[in-house]
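Throughout, numbering of the chain's residues begins at 1 and tracks the sequence.
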Amino acid sequence: MYENQNQGYELAWDGVIEKDAPDFILLKEGDYDFEITNFERQRHNGTNGGKLPPCPKAVITLRVEGVDKDGNPGVATITHNLFLHSSCEGLLSAFFTGIGRKRKGERLNMDWSNLIGVRGYAHIGVREWTGRDGETKYSNEVKRFYSPEDAAMMKAKNGVQPKQSFHVSAQAPKFETVTDELPFGTLAEQQAQPTQGRQMSFTPGNF
């Protein structure tokens with residue numbers, strides 16, 4: 001058996017396993033550490049109401065460990081949409097500031113490289129929506145990305161030990177986009193612009 005402290009270790013074909021997969025839950029609203037587990041470049045084809053015209057779209061998947069409203073521990077997977085349009089520039093800045101790639105007030109060429117494994121701190125909310133079956137459902141969404149400075153203050157206030165150091169990266173080259181489309185996200189409260197993707201669905205009986 002080969003072991004690496006950073007990458008875990010190999011298992012034999014007849015090896016013993018015991019650890020269960022984490023339960024996926026609906027997090028109660030609050031501040032949480034997150035880790036980026038996936039990133040896709042897609043394209044938003046525009047909305048029927050014309051609020052946001054066609055533009056590139058970054059689809060970010062976050063893994064967040066926490067507790068539900070009853071205090072049960074588990075993991076949430078949250079999909080967060082970022083639209084590359086001038087009307088959403090503030091939200092893009094908030095994301096890059098939150099992962100330590102931008103400082104407040106500075107100009108930045110957006111760097112989408114090496115996002116997998118990047119960590120940050122965010123305020124996670126609970127969104128209520130109506131499914132196609134007409135039932136009320138619930139999912140988690142990102143309400144706010146904290147800057148490294150704000151994250152340190154919030155963690156101190158919440159009694160959380162810091163888990164991450166932030167580094168500002170060099171500027172990135174331009175990137176290409178593809179034409180796949182996902183359902184349009186929700187409106188971010190602070191700028192009333194569509195930014196959020198959906199997580200897993202929950203019925204009222206499970207919330």
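Within the 4.5 Å cutoff, no side-chain heavy atoms of Glu149 are placed close to those of Thr97. Using a 4.5 Å heavy-atom threshold, the side chains of Asn140 and Val126 count as touching. By the 4.5 Å heavy-atom criterion applied to side chains, Ile124 and Lys143 are not counted as neighbours. A heavy-atom distance below 4.5 Å is found between the side chains of Arg101 and Asp111. Ile99 is listed as a side-chain neighbour of Phe34, based on a closest heavy-atom distance under 4.5 Å. The side-chain heavy atoms of Phe96 and Met110, taken from C-beta on, include a pair separated by under 4.5 Å. Side-chain contact between Leu82 and Ile60 is present, with at least one heavy-atom pair separated by less than 4.5 Å. When side chains are defined from C-beta on, Pro56 does not count as touching Arg41, because their heavy atoms never get closer than 4.5 Å.
Taking OG of Ser139 as the start and CD of Glu128 as the end, the distance is 10.0 Å to the nearest 0.5 Å. Here Asn81 contributes atom CG and Lys57 contributes atom NZ; the two are 4.5 Å apart, rounded to the nearest 0.5 Å. Put simply, OG on Ser147 and NZ on Lys102 are 11.0 Å apart, with the number rounded to the nearest 0.5 Å. For the atom pair CD1 of Ile116 and CD1 of Ile36, the computed distance is 7.0 Å after rounding to the nearest 0.5 Å. Rounded to the nearest 0.5 Å, atoms NZ (Lys69) and CG (Leu27) are 13.0 Å apart. In this structure, CG in Leu91 is found 5.5 Å from SG in Cys88, a value given to the nearest 0.5 Å.
Checked against salt bridge (charged side-chain N to carboxylate O under 4.0 Å, His left out), Glu35 has the following partners two or more places apart in sequence or in another chain: Arg119. Under the side chain to side chain donor-acceptor pair (under 3.5 Å) criterion, Lys157 pairs with no residue at all, not counting sequence neighbours. Listed by chain and residue number, Asp31, Tyr121 satisfy the side chain to side chain donor-acceptor pair (under 3.5 Å) test with Asn158 (two or more places apart in sequence, or in another chain). Take Asn38 and apply the side-chain contact (heavy atoms from CB on, under 4.5 Å) test, not counting sequence neighbours, and it matches Glu40, Thr61. Asp133 is linked by a side-chain contact (heavy atoms from CB on, under 4.5 Å) to Glu135, Lys137, counting only residues two or more places apart in sequence or in another chain.
Closest approach of Tyr32 to Glu65, counting heavy atoms only: CD2-O, 3.5 Å. A pairwise comparison of heavy atoms in Arg63 and Val75 identifies NH2-CG2, 3.5 Å as the closest pair. Across all non-hydrogen atoms, the minimal contact from Ile78 to Glu141 is CG2-CA, 4.2 Å. Of all the heavy atoms in Val64 and Asp33, the pair that sits closest is CG1-O, 3.5 Å. Taking each heavy atom of Leu84 and Ala58 in turn, the nearest pair found is CD1-N, 4.1 Å. Heavy atoms only, all atoms of each residue included: Pro148 and Gly100 are closest at CG-CA, 4.3 Å.
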What do the steps show when you test Tyr138 against Thr136 for side-chain contact (heavy atoms from CB on, under 4.5 Å), and what is the final call? CA-CA 7 Å; Tyr138 302 88; Thr136 301; 3.8 Å; yes
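A continuous path of hydrophobic side-chain contacts links Tyr9 to Ile17 [ILVMFWY only; heavy atoms under 4.5 Å].
Not one N or O on the side chain of Asn45 forms a donor-acceptor pair closer than 3.5 Å with the backbone of Pro54. No donor-acceptor distance shorter than 3.5 angstrom exists from the side chain of Asp70 to the backbone of Asn72, with no hydrogens or angles considered.
Here His80 and Phe145 bring their ring centres to under 6.0 angstrom of each other.
The pair Lys104-Glu106 does not meet the salt-bridge criterion, since no charged nitrogen lies less than 4.0 angstrom from a carboxylate oxygen.
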